[in-house]
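The next block holds one structure in the form of structure tokens; read it before the comments.
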Amino acid sequence: MTQTIRVNLDARSYDVHVGAGLLARAGELIAPFAPTGRVFIVTDQNVARHHRAALVASLDAAGLTNWTITLAPGEGSKSFEGLELLSRHLLQAGINRKDLIIAFGGGVIGDLAGLTAGLIKRGVDFVQIPTTLLAQVDSSVGGKTAIDTPEGKNLVGLINQPKLVIADPSLLTTLPERERRAGYAEIVKLGLISDAAFFQWCEQNAPAIIAGEAEPLTHAIAKAIAFKAGVVERDETEQGERALLNLGHTFAHALEGHAGYDGALLHGEAVAAGMSLAFQLSAALGLCSEADAKRVRTHLTQAGFITDLRQLPGAPYDPDRLMQLAAADKKAQAGKLTFILARAIGRAFIEPDTPADVVRELLHIETRS
Ligand code: NAD
Ligand code: GLY
């Protein structure tokens, strides 16, 4: 069964279709957005190996002429080099202003192809067919696109909304379990932000979601997308509420920056550790109970995440370097540290002036061997 969630953004509104088997219908769903009948698939080698043939068959059946540009997998493609490579491939393949780009991959492909679509020929429409759990529940919806630079993650980008998102959970069966777990971090995040009952549901269903069981997986994907769509509708350009989606991300971006972007520490793994730290910080500041912080950490550990920074891939972490990276995060304003903190599970809020000494002390304690 297909569920359709509308993201209402005036002229930039679009549908997100969620359902097992939707890839076979991609051509028919995409055709209305391809006025020239010409589409350019941007993907990576892993996705192409497993799923390109099915996508091409569906596009062919709908009469859409298609080209495929296959990039190297991994965060390294989300770079100025990746942007140049993709742009030049598209130009050499003869892309025109009214053609359509299909971002067919995880968050790396979605972020890079979405940014390139916004820039090339001053803007070509694009659709998202996310193939990782993280991309289905988070990165394909909401229009954030970016590349990384040596100065930090996602620092060069655009808000560029897709014309359509097709989330087919059956594509996730070929995804390594570690990647499904990383995506789960962005699902449980929504419970921690604003829905204690959903967090409780996650406590019961995490193993089935991470194992890729169709029913709880599809339920969680649709729930996460509906939640995100609502936030994006109310605050597309992150003037306020949308920043709540960054729960755990200031810590996560610092951990990822410290570890390097070589795949040793996945984004979702960093987010899980970051969310645990955010609740510990909230408890240290007397905002939430120690019991809630412990419950969050226990759940994430039981779901298979490492929340102990001394054991996390990339360890040992230098707390002073983590502080520097947190301060350089794009959410930091005028030397103040912005964190998403919580008064309880399901009651997160934005704190733009977090006391740096408490953050520093927490990081010193958590990284001490
Ligand atoms: P990814 O795109 O690197 O994909 C993870 C790995 O899985 C890659 O090796 C890929 O080749 C492989 N893969 C993808 N789909 C597959 C499939 N169906 N079967 C087998 N292998 C498959 O990583 P990701 O976790 O999807 O995305 C991480 C990126 O997303 C980060 O750069 C992060 O900053 C970004 N992100 C963006 C947003 C946003 O709002 N734009 C939100 C969250 C994260
Ligand atoms: N992933 C956070 C956002 O889209 O705002």
Side-chain angles (χ1 to χ4, degrees), residues 74-82 107-108 111-112 134 138-139 144-157 182 185-186 189 192 238 242-282 284-285 297 300 305-342 348 350-369:
E75 190 76 25
S77 288
K78 244 182 82 170
S79 58
F80 274 115
E81 293 76 15
V108 165
D111 281 12
L112 175 67
L134 180 139
D138 190 359
S139 61
K144 281 191 181 175
T145 71
I147 53 171
D148 308 325
T149 74
E151 288 72 26
K153 252 183 88 73
N154 296 333
L155 293 181
V156 175
E186 305 280 8
K189 181 183 81 175
L192 294 175
E238 201 168 300
R242 186 165 179 173
L244 289 173
L245 299 176
N246 295 323
L247 175 66
H249 282 58
T250 303
F251 284 124
H253 288 166
L255 292 166
E256 288 179 277
H258 196 299
Y261 301 112
D262 59 0
L265 179 65
L266 301 182
H267 178 69
E269 294 169 343
V271 168
M275 291 191 298
S276 178
L277 285 170
F279 271 80
Q280 285 171 258
L281 180 58
S282 302
L285 289 165
R297 192 169 190 160
L300 292 169
F305 292 108
I306 298 171
T307 54
D308 181 343
L309 297 195
R310 293 163 304 181
Q311 310 290 328
L312 197 65
Y317 287 90
D318 171 10
D320 297 320
R321 174 93 182 105
L322 289 176
M323 277 303 283
Q324 276 172 4
L325 288 161
D329 194 84
K330 62 185 174 324
K331 292 180 286 301
Q333 289 180 2
K336 293 181 172 176
L337 289 176
T338 299
F339 278 89
I340 312 307
L341 300 177
I350 303 158
E351 174 50 71
D353 195 7
T354 312
D357 54 334
V358 184
V359 180
R360 189 174 293 110
E361 193 187 342
L362 177 66
L363 289 173
H364 273 269
I365 293 168
E366 289 296 313
T367 53
R368 196 175 291 150
S369 53

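Atoms considered below: every heavy atom in the structure, side chains included; atoms not considered: hydrogens, waters and symmetry mates. As the structure is a prediction and not an experimental result, all values here were calculated from the model.
- At distances below 3.5 Å, not a single donor-acceptor pair connects side-chain atoms of T250 with backbone N or O atoms of A326.
- Between L155 and D148, the closest side-chain pair of non-hydrogen atoms is not below 4.5 Å.
- Closest approach of P313 and A264 over heavy atoms only: CB-O, 3.2 Å.
- Taking OG1 from T338 and CG from N246, the interatomic distance works out to 10.0 Å, rounded to the nearest 0.5 Å.
- Using cut-offs of 30° and 60° for the angle between ring planes, the H249 and H267 rings count as perpendicular.
- Scanning all heavy atoms of the two residues, the minimum distance from S139 to G107 falls at OG-CA, 3.4 Å.
- Side-chain contact between V359 and M323 is present, with heavy atoms from C-beta onward closer than 4.5 Å.
- The structure places CG of D357 at 11.5 Å from NE2 of H364, a figure rounded to the nearest 0.5 Å.
- Interatomic distance, CD of E256 versus CD of E75, reported as 6.5 Å (0.5 Å rounding).
- Evaluation of the salt bridge (charged side-chain N to carboxylate O under 4.0 Å, His left out) test over residues 359-369, restricted to residues two or more places apart or in two chains, returns R297-E366.
- Nearest heavy atoms, L300 versus A272: CD1-O, 3.4 Å.
- Remark: R321 CZ to T367 OG1 distance equals 14.0 Å, nearest 0.5 Å.
- Contact detail for L112 and S77: the closest heavy-atom pair is CD2-O, 3.3 Å.
- Of all heavy-atom pairs spanning I340 and A243, the tightest one is CD1-O, 3.2 Å.
- Taking the side chain as every heavy atom from C-beta outward, F80 and V156 approach each other to under 4.5 Å.
- Residues F305 and G268 share a closest heavy-atom pair of CE2-O, 4.1 Å.
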Checking L245 against E186 for the side chain to side chain contact (heavy atoms under 4.5 Å, CB included) test, could you report, in this order, the C-alpha distance in whole Å, the side-chain angles of both residues, the deciding distance, and whether it holds? CA-CA 9 Å; L245 299 176; E186 305 280 8; over 6 Å; no
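- With sequence neighbours excluded, no residue satisfies salt bridge (charged side-chain N to carboxylate O under 4.0 Å, His left out) with D318.
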What verdict does the side chain to side chain contact (heavy atoms under 4.5 Å, CB included) test give for D111 and I147, after you've listed the backbone C-alpha separation in whole Å, the side-chain angles of each residue and the deciding distance to 0.1 Å? CA-CA 7 Å; D111 281 12; I147 53 171; over 6 Å; no
Derivation of the side chain to side chain contact (heavy atoms under 4.5 Å, CB included) call for L255 and L309: CA-CA 9 Å; L255 292 166; L309 297 195; 4.1 Å; yes
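- Between the CG atom in L266 and the CG atom in L134 there is a gap of 9.5 Å [rounded to 0.5 Å].
- Looking at heavy atoms from C-beta onward, K144 lies out of side-chain contact with N154 at the 4.5 angstrom threshold.
- To the nearest 0.5 angstrom, D320 atom CG is 11.0 Å from L325 atom CG.
- By the 4.5 Å heavy-atom criterion applied to side chains, L362 and F251 are counted as neighbours.
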